[in-house]
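Below you'll find the structure, written out as structure tokens, and then a few comments.
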Amino acid sequence: MKSQFSVYNSLTKKKEVFKPLIADRVGMYVCGPTVYSNAHLGNCRTFTSFDLIYRYLTHLNYKVRYVRNITDVGHLENEEDMTGEDKIAKKARLEQIEPMEIVQRYTLDFKNVMSMLNNHPPSIEPTATGHIIEQIEMVQKILDNGYAYERNGSVYFKTVQFAEKHDEYGQLSGKKIEDLRQETRDLKAQSEKDHPADFAIWMKAHENHIMRWDSPWSVGFPGWHLECSAMSTKYLGERFDIHGGGMDLQFPHHENEIAQNVSCCETSPASYWMHTNMLTFEGVKMSKSLNNSILPEELFTGNNHLLSQAYSPMTLRFFFLRSHYRSICDFSDKGLQDAEKNYKNMMSALKAVQELEYIGKEKVNDEDKVINDLLDQCFIHLDDDLNTPRVLATLFELVAKINAFKNKQLKINHISKATLERMQTTFKIVLQDILGLLPEEENSDAVLDNVLQVLIEMRKTARANKDWAASDLIRDQLLAAGIQLKDGADGTSWSKL
RNA sequence: GGUCGGUUGGCCGAGUGGUUAGGCAACGGUCUGCAAAACCGUGUACAGCGGUUCAAAUCCGCUACCGACCUCCA
């Protein structure tokens with residue numbers, strides 16, 4: 001049974017059934033980070049969303065090649081400023097170290113954070129500096145095809161001429177070339193470009209620009225949008241299935257990328273464009289320039305005045321999954337507190353469902369259908385453009401059932417043995433394999449567990465003797481120490497608060 | 001200024017032209033020695049105004065407020 005997985009395509013502005021170009025294979029390119037400083041929570045949200053997509057495609061048995069670049073050339077800070085510096089070069093100058101040292105530091109930081117969030121590494125993680133030759137070749141092709149011109153060693157893309165010949169320009173972002181002309185003309189009159197909407201695909205390096213490469217036009221560096229065109233083409237071909245990135249990249253980055261690909265390869269690169277929405281803080285986009293960004297490390301340590309406590313990477317992942325990837329997600333301490341509780345409850349249920357044992361003769365009733373319907377719903381909601389809030393809602397309904405079975409509030413033999421087994425495998429697959437939520441092993445301390453088992457035994461004896469003072473003392477003292485005892489149908493268990 | 005998007009119950013957050021989202025918090029119940037945990041139940045929300053319709057929170061228009069992009073950004 002092949003699923004009817006549908007995704008929202010930013011290019012056509014509607015949900016479409018996903019059909020790869022080659023059956024059973026998917027090529028996906030996602031614009032990665034610029035490694036000139038630490039990854040912040042906004043970056044985390046985007047890449048966690050694409051990790052989910054990657055995981056689900058893999059679950060659907062597609063062979064996925066997931067390419068996510070590392071931008072280590074940086075972009076110009078101000079395209080019209082001829083002393084404009086590369087972001088990475090600027091940071092390097094300020095910190096008195098080599099640009100590639102900056103790149104290395106923040107690349108490692110980024111990969112480390114991705115790993116903590118349980119995001120799978122992409123199949124290929126190419127760097128812009130490692131693909132200068134490919135980029136130069138692409139510039140040459142665009143020149144040969146007549147969609148660019150050289151000016152003082154820099155090469156610019158003829159945006160207006162391109163837009164006149166190709167409907168593609170503006171389709172993704174909804175921008176009209178007339179508006180761009182109107183808007184930018186007055187402000188940036190002294191440019192060496194023919195038109196304000198033109199953009200550089202090769203830039204001649206200013207004399208103190210550190211990152212530079214030889215080329216047919218000048219010693220310089222590739223333009224803002226070129227690396228993604230070059231690397232996606234190299235690793236996924238001229239046409240592939242999914243191109244993704246944050247919504248803020250839609251214009252100009254992705255629009256210009258399409259223009260480059262069409263003018264070079266005569267085809268728009270991707271069938272489906274997927275854009276993730278922004279993470280906001282107090283209603284405003286989280287970004288470095290606004291100085292309102294929070295670092296993952298601050299969250300994991302609780303070392304930030306906005307946070308009442310530390311939150312684990314899995315709590316953060318859960319927090320992201322609570323909202324749909326195309327909706328704005330507003331960061332809040334309260335939201336993370338909720339997410340933490342949700343996550344813990346979900347993980348307790350995951351443990352509980354695995355421990356359920358089938359007892360008694362099958363007396364299957366309506367409950368069997370209820371459970372199976374809920375399990376089906378998980379995939380129906382995943383198929384619907386990865387509606388994770390709905391998936392979680394469905395899982396919570398299953399959690400209630402699982403706990404009820406565990407505490408004998410529902411009888412296990414009211415569902416079939418096959419249904420129990422399906423629930424056990426499916427709950428785990430959805431939670432761990434697809435949503436990527438792993439247990440954090442909080443009860444893995446064997447010594448602590450042994451000590452607590454002694455106390456639980458002592459309390460049990462006290463209760464049997466109706467020595468409530470003693471049993472309540474154990475319970476209350478442990479609670480004060482952050483350990484909660486839970487009396488269930490099968491005895492007492494414990495968890496950290 | 002231009003383009004696009006949002007406004008859902010105490011908070012978060014889905015969704016749909018007519019039927020319970022879900023979570024957190026709250027309250028009631030079951031269970032319990034009492035609690036906690038767990039389960040069950042309760043809340044009747046969709047910015048405002050007008051229109052289309054048998055029926056709109058869901059479609060259309062206007063207004064208000066918020067945001068994103070138009071400059072590097074995930």
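Atoms considered below: every heavy atom in the structure, side chains included; atoms not considered: hydrogens, waters and symmetry mates. Throughout, a chain's letter reflects where its sequence line sits, starting with A, and its residues are numbered from 1.
Scanning atom types as modelled, no donor and acceptor separated by under 3.5 angstrom connect the side chain of Gln484(A) and the base of A36(B). Within 3.5 Å, a donor on the side chain of Arg475(A) pairs with an acceptor on the base of A35(B), or the reverse. Residue-to-nucleotide contacts include a donor-acceptor pair under 3.5 Å from the side chain of Lys175(A) to the base of C69(B). Residue side chain Asn342(A) does not reach the base of G22(B) through any donor-acceptor N/O pair under 3.5 Å, judged by distance alone. For Asn403(A) against A37(B), no side-chain N or O and base N or O form a donor-acceptor pair under 3.5 Å.
Backbone-only contact: Gly283(A) has heavy atoms under 4.0 Å from sugar-phosphate atoms and none from a base. Backbone-only contact: Gly245(A) has heavy atoms under 4.0 Å from sugar-phosphate atoms and none from a base. Across all strands shown, Leu479(A) has no heavy atoms under 4.0 Å from either base or sugar-phosphate atoms. No contact: Thr276(A) has no heavy atom under 4.0 Å from any strand. Counting any heavy atom pair closer than 4.0 Å across all strands shown, Met247(A) reaches no nucleic acid atom.
Proximity of a side-chain donor or acceptor of Gln260(A) to a complementary backbone N or O of His225(A) within less than 3.5 Å is detected. Panel note: side chain Asp333(A), backbone Ser308(A); a donor-acceptor pair is recorded below 3.5 Å. Side chain of Arg317(A) to backbone of Leu117(A): a donor-acceptor contact under 3.5 angstrom is found. When atom types are taken as modelled, the side chain of Thr276(A) and the backbone of Thr46(A) share no donor-acceptor pair closer than 3.5 angstrom. Side-chain N or O atoms of Arg45(A) include one that pairs as donor or acceptor with a backbone N or O of Asn277(A) at under 3.5 Å. With hydrogens and angles disregarded, a donor-acceptor distance shorter than 3.5 Å links the side chain of Asn292(A) to the backbone of Lys285(A). In this structure a side-chain-to-backbone donor-acceptor pair under 3.5 Å is present from Arg212(A) to His206(A).
Of the side-chain N and O atoms in Thr394(A), none sit less than 4.0 angstrom from OP1 or OP2 of G22(B). Residue Asn387(A) places at least one side-chain N or O closer than 4.0 Å to OP1 or OP2 of G15(B). The phosphate of A14(B) has OP1 or OP2 within less than 4.0 Å of a side-chain N or O from Ser327(A).
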Pairs under 3.5 Å (N/O, protein and nucleotides 25-27 of chain B):
from: A25(B); atom 1: OP1; to: Lys341(A); atom 2: NZ; distance (Å): 3.1

Taking N or O atoms only and anything under 3.5 Å, show me the protein contacts with nucleotides 17-19 of chain B, one pair per line.
none

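If you check G33(B), A14(B), A68(B) against the side chain of Arg459(A), the one that comes closest is G33(B). The Arg390(A) side chain lies nearest to A14(B) when the options are G22(B), A14(B), G33(B).
Salt-bridge annotation for Lys15(A) and Asp384(A): present, with a side-chain N of the basic residue lying under 4.0 Å from a carboxylate O of the acidic one. With respect to the salt-bridge test (charged N to carboxylate O, under 4.0 angstrom), the residues Asp366(A) and Lys369(A) do not qualify. One finds no salt bridge joining Asp72(A) and Lys87(A) here, because no Lys/Arg side-chain nitrogen approaches an Asp/Glu carboxylate oxygen to under 4.0 Å.
Comparing the same atom, P, in U20(B) and in U53(B) gives a spacing of 27 Å after rounding to whole Å. One P atom belongs to C31(B), the other to A36(B), and the distance between them is 14 Å to the nearest Å. Using P as the reference atom, C27(B) and G13(B) are 24 Å apart when rounded to the nearest Å.
Counting only Watson-Crick and G-U wobble pairs whose two key distances fall under 3.5 Å, RNA chain B forms stems of three or more stacked pairs at B:1-7 with B:64-70, B:10-12 with B:22-24, B:26-30 with B:38-42, B:47-51 with B:59-63.
Toward the 5′ end of RNA chain B lies the nearest nucleotide of Asp330(A), the other residue of the pair Ala404(A) and Asp330(A) mapping further downstream.
Taking the six-membered ring wherever Trp is involved, the centroid distance between the rings of Phe157(A) and Phe162(A) falls below 6.0 Å.
A cation-pi arrangement, defined by a distance under 6.0 Å to the six-membered ring centre and an angle within 45 degrees of its axis, is present between Lys288(A) and Tyr36(A).
Partner Pro389(A) forms a side-chain contact (heavy atoms from CB on, under 4.5 Å) with one of Leu392(A), Asn387(A), Val391(A) and no other, that one being Asn387(A).
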